[in-house]
2 protein chains.
Amino acid sequence: MDKKVREDVHTTGVPTLCQACDARHRGVCGALNTNQLVTLSKHSVRRKLDPGTELVGEEQDVSQYSNVIGGVVKLTKMLSDGRQQIVGLQFAPDFLGRPFSRSSRFSAEAATDVELCSFSKGLIDRMIDESPDLEHKLLEQTLKELDEARDWMLTLGRKTAAEKVASFLHLIAVNVDPEASESEGPITFDLPLTRADIADFLGLTIETVSRQLTKLRKDGVIHIENNRHITVPDIERLNDRASL
Amino acid sequence: MDKKVREDVHTTGVPTLCQACDARHRGVCGALNTNQLVTLSKHSVRRKLDPGTELVGEEQDVSQYSNVIGGVVKLTKMLSDGRQQIVGLQFAPDFLGRPFSRSSRFSAEAATDVELCSFSKGLIDRMIDESPDLEHKLLEQTLKELDEARDWMLTLGRKTAAEKVASFLHLIAVNVDPEASESEGPITFDLPLTRADIADFLGLTIETVSRQLTKLRKDGVIHIENNRHITVPDIERLNDRASL
DNA sequence: GGGCGGCGTTGATCCGTATCAATCGGCCCG
DNA sequence: CGGGCCGATTGATACGGATCAACGCCGCCC
């Protein structure tokens, strides 16, 4: 579809939904036509969530889809005895929601401050029916998530604690600042997750995560400030630790 | 599309491609129109593979898609030092292939005797462009695989060896004989994987897999004949062991 | 028939990560 | 200012699964 047309939509007083959504061309809105955009904009809500806010519970019915505008959303599954595993992290501008299924198989929770653009599921489902572009976009995002999930299965099943933590840092570096991680030179970023979340993502305990982080720090692979702020002087050394 | 039409295709001398593909409505062929079916049938090859045959290598270019007609295909990823992880199992009538990407991110290998129906990637990619139904089918299969991958991440990250093995048996039971696992009474099936493959799927060693299987046998949860043939007298007891 | 190789089981030991416990620092609130 | 809470770190110990090693079973081929 034509970029100019979509700009017109926004400049004629329609809410700012899609300026954010397709900022990096992965939100659903890039695949909609003008009419659909206008309709969607009228029925969408922009909202901010505090860390820990639950968006959808496991097995719970879902009536909303969302685009992640900012922050990180964690997708978690839990066993009956409380053991927990994070099965995915959604960064801006990921799409959040499971087409063709009424209930969610995991819970979605804000890991950081999160900014969302939410809209009714039924509306999008109807648009999917009439718009192949939208379905194509969804297929691409789903395939990407599947690739990521499978990559992570290798990490969960076969890597040591040290490699897992290094892999995690690499993943965060790539996702919070894709440009910086491409170029040369030191990379710095803030961890969007607590130690407990990192442990749940890696299938480890908080103590092991903490120990491995201090080991990386003592070995000079990373610098840590205020528990959250990370500097990686040489990304290659980190990748070696991650067995990438 | 109309069932009668498709039957006509087959009864008028066109190869049997799609009788198998849409047997359980998950192959791609169920979403094609008559013209596409005829074209595809002309350009498709049915073939049998021995266990261990590699279909696609990791990072290798893919020029073929396939439907799995029978047997089990394992998708594996490997680290540079040889550690291996199975990231997915494909049963009939799953679709095998990664749209929108020229190279595969994992290798695909026959775990058992496998029967396939293969066709050129370019042909299907063109049909995807012109047929929303096909894309819809692919999206559904991809979503299903994503759900399965995320379920397995919980198993890999948070379950004990005993729970992993029980979870694996449950998964196989459900996939090789979906009907039997729904109804009451004992379930029996053949393991499609060697102990080494099971270990690679579960992120364990063969020794641990073996020990956990004998433990389940000694506890009367399963019976084993000839290393491969399994009987589960009471599926509930197995599920308990799997923490399902 | 006998040897051999692949697959699986079982035993002894080791090591990595979990568990339990204590402490620290920052932050909020009384 | 002091107390209490939460997240993180660090230390001591326990334990589950990996590793190393030996052996059994079975089919295949010389």
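Numbers restart at 1 for each chain; the letters A, B, ... are given by sequence-line order, proteins then strands. All values below were derived from every heavy atom in this structure, side-chain atoms included, with hydrogens, water molecules and symmetry-related copies excluded. Owing to the predicted nature of the structure, the values given are computational and were not obtained by experimental measurement.
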[N] phosphate, OP1 or OP2, under 4.0 Å from [X] side-chain N/O:
X	N	result
B:S210	C:dG8	no
A:R195	D:dT9	yes
B:T205	D:dT19	no
B:T208	D:dG17	no
A:T160	C:dG16	no

**Prompt:** What is the nucleic acid contact for B:G203, judged by heavy atoms within less than 4.0 Å: base, sugar-phosphate only, or nothing?
**Reply:** sugar-phosphate
**Asked** Touch check for B:I206, heavy atoms < 4.0 angstrom, all strands: base, sugar-phosphate only, or nothing?
**Response** nothing
**Message:** A quick test of your reading: do over 12 heavy atoms of other residues, nucleotides or ligands sit less than 6.0 Å from NZ of B:K121?
**Reply:** yes
**Prompt:** Any side-chain donor-acceptor pair under 3.5 Å between B:K159 and B:S243?
**Reply:** no
**Message:** When you compare the side chains of B:S66 and B:S118, does any donor N or O come within less than 3.5 Å of an acceptor on the partner?
**Reply:** yes
[atom1] of [X] versus [atom2] of [N]: gap in Å, rounded?
X	N	atom1	atom2	answer
A:R211	D:dA12	CZ	P	11 Å
A:N227	C:dG25	CG	P	12 Å
B:K164	D:dG16	NZ	C1'	11 Å
B:Q212	C:dG8	CD	C1'	15 Å
A:L213	D:dT9	CG	C1'	11 Å
B:L193	C:dG8	CG	C1'	15 Å
B:R228	D:dG27	CZ	C1'	14 Å
A:I224	C:dG25	CD1	C1'	15 Å

**Fill in**
Of A:R217 and B:V209, the one whose closest nucleotide on DNA chain D sits nearer the 5' end is A:R217
**Request:** Ignoring the backbone of A:E207, work out which of C:dT17, C:dG8, D:dT10 is nearest its side chain.
**Result:** D:dT10
**Prompt:** Would a distance-only check, ignoring hydrogens and angles, find a side-chain to backbone donor-acceptor pair under 3.5 Å from B:R241 to B:E163?
**Reply:** no
**Message:** For the CG atom of B:D240 and the CZ atom of B:R237, what is their distance to the nearest 0.5 Å?
**Reply:** 9.0 Å
